[in-house]
Amino acid sequence: MRITSATAADLDQLLHFRKEAAGWISKLGSDQWSRPYPADRLLATIEAGTVFMLRDGERTAGTITLTPEAEEGLWSVEELDEPSMFINKLTVARDYAGQNLGGMLLDWAGDRAYRAGAKWLRLDAWTSNERLQLYYLEQGFQHVRTVLEGGAVNGGPRVSGWLAQRSTRPADHDLADETPAPEPLRA
């Protein structure tokens with residue numbers, strides 16, 4: 001499998017992934033991603049070069065967003081002073097479930113963040129999705145705290161404030177990386 005930068009042509013696939021994941025997660029009892037994510041915001045992240053696609057031949061198996069920009073109101077000033085990169089919207093197509101592709105994408109993101117000069121790979125997960133939180137703990141992340149105050153990016157109250165981090169490191173993720181080299185983080 002190979003990882004590539006997303007393009008505007010991937011927008012429909014990304015919106016489909018989100019809808020597919022919301023349906024699956026709903027069956028597990030979570031309301032995660034039940035509110036539509038604005039397509040224009042997603043397109044802006046693609047254009048910023050922070051969205052990556054996991055490709056299996058001509059099929060797309062998954063996606064991850066990796067950015068040096070933290071969502072406002074989650075991390076302290078002291079934490080933001082530490083070189084970090086942030087992941088979000090990690091999604092694996094249901095056809096590819098159970099193959100540890102999420103773990104491979106997290107390892108790839110940690111490796112890319114390391115090469116950019118980050119100390120931490122950080123995330124904010126859905127506050128009520130305990131299965132997702134356990135998944136991240138099993139992937140080596142440490143829970144930092146849960147933030148409930150504030151609003152969600154797509155409207156309404158904050159729903160994604162379970163904060164976790166793990167150290168960045170070089171990784172053998174077994175993905176053919178076809179993305180440009182990461183930009184060094186600004187000091």
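For this chain, numbers begin at 1 and follow the sequence in order.
- A heavy-atom distance below 4.5 Å is not found between the side chains of Arg166 and Arg122.
- Not counting sequence neighbours, the partners of Trp120 by the side-chain hydrogen bond (donor to acceptor under 3.5 Å, both in side chains) test are Glu82.
- For Glu183, the side-chain hydrogen bond (donor to acceptor under 3.5 Å, both in side chains) test picks out no residue, with sequence neighbours left out.
- Between atom CG of residue Leu74 and atom CZ of residue Arg145 there is a gap of 8.0 Å, rounded to the nearest 0.5 Å.
- Contact check for Leu163 versus Leu123: no side-chain heavy atoms found under the 4.5 Å cut-off.
- Partners of Tyr136 under the ring-ring contact (aromatic ring centres under 6.0 Å, His included) rule, at least two apart in sequence or in another chain, are Phe141.
- Residues passing the side-chain hydrogen bond (donor to acceptor under 3.5 Å, both in side chains) test with Thr146 are His143, sequence neighbours excluded.
- Ser5 contributes no side-chain N or O that, together with a main-chain N or O of Gly49, makes up a donor-acceptor pair within less than 3.5 Å.
- Within the structure, side-chain hydrogen bond (donor to acceptor under 3.5 Å, both in side chains) pairs that include any residue of residues 46-58 comprise Thr4-Arg55, Asp10-Arg55, Arg55-Thr60, Asp56-Tyr96 (at least two apart or interchain).
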Result block: side-chain N/O donor-acceptor pairs under 3.5 angstrom for residues 170-178, not counting sequence neighbours:
{"from": "His173", "atom 1": "ND1", "to": "Leu175", "atom 2": "N", "distance (Å)": "3.1"}
{"from": "Asp177", "atom 1": "OD1", "to": "Thr179", "atom 2": "N", "distance (Å)": "2.9"}
{"from": "Asp177", "atom 1": "OD1", "to": "Thr179", "atom 2": "OG1", "distance (Å)": "2.4"}
{"from": "Asp177", "atom 1": "OD2", "to": "Trp108", "atom 2": "NE1", "distance (Å)": "2.8"}
{"from": "Asp177", "atom 1": "OD2", "to": "Arg115", "atom 2": "NH2", "distance (Å)": "3.4"}
{"from": "Glu178", "atom 1": "OE1", "to": "Arg2", "atom 2": "NH1", "distance (Å)": "3.1"}

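- Residues satisfying the side-chain hydrogen bond (donor to acceptor under 3.5 Å, both in side chains) criterion with Asp12, sequence neighbours excluded, are absent altogether.
- With a 4.5 Å cut-off on side-chain heavy atoms, Asn100 and Gln139 count as touching.
- The shortest distance between side-chain heavy atoms of Leu66 and Phe86 does not fall below 4.5 Å.
- Side-chain contact between Asn88 and Ile64: absent, with no pair of heavy atoms (C-beta onward) separated by less than 4.5 Å.
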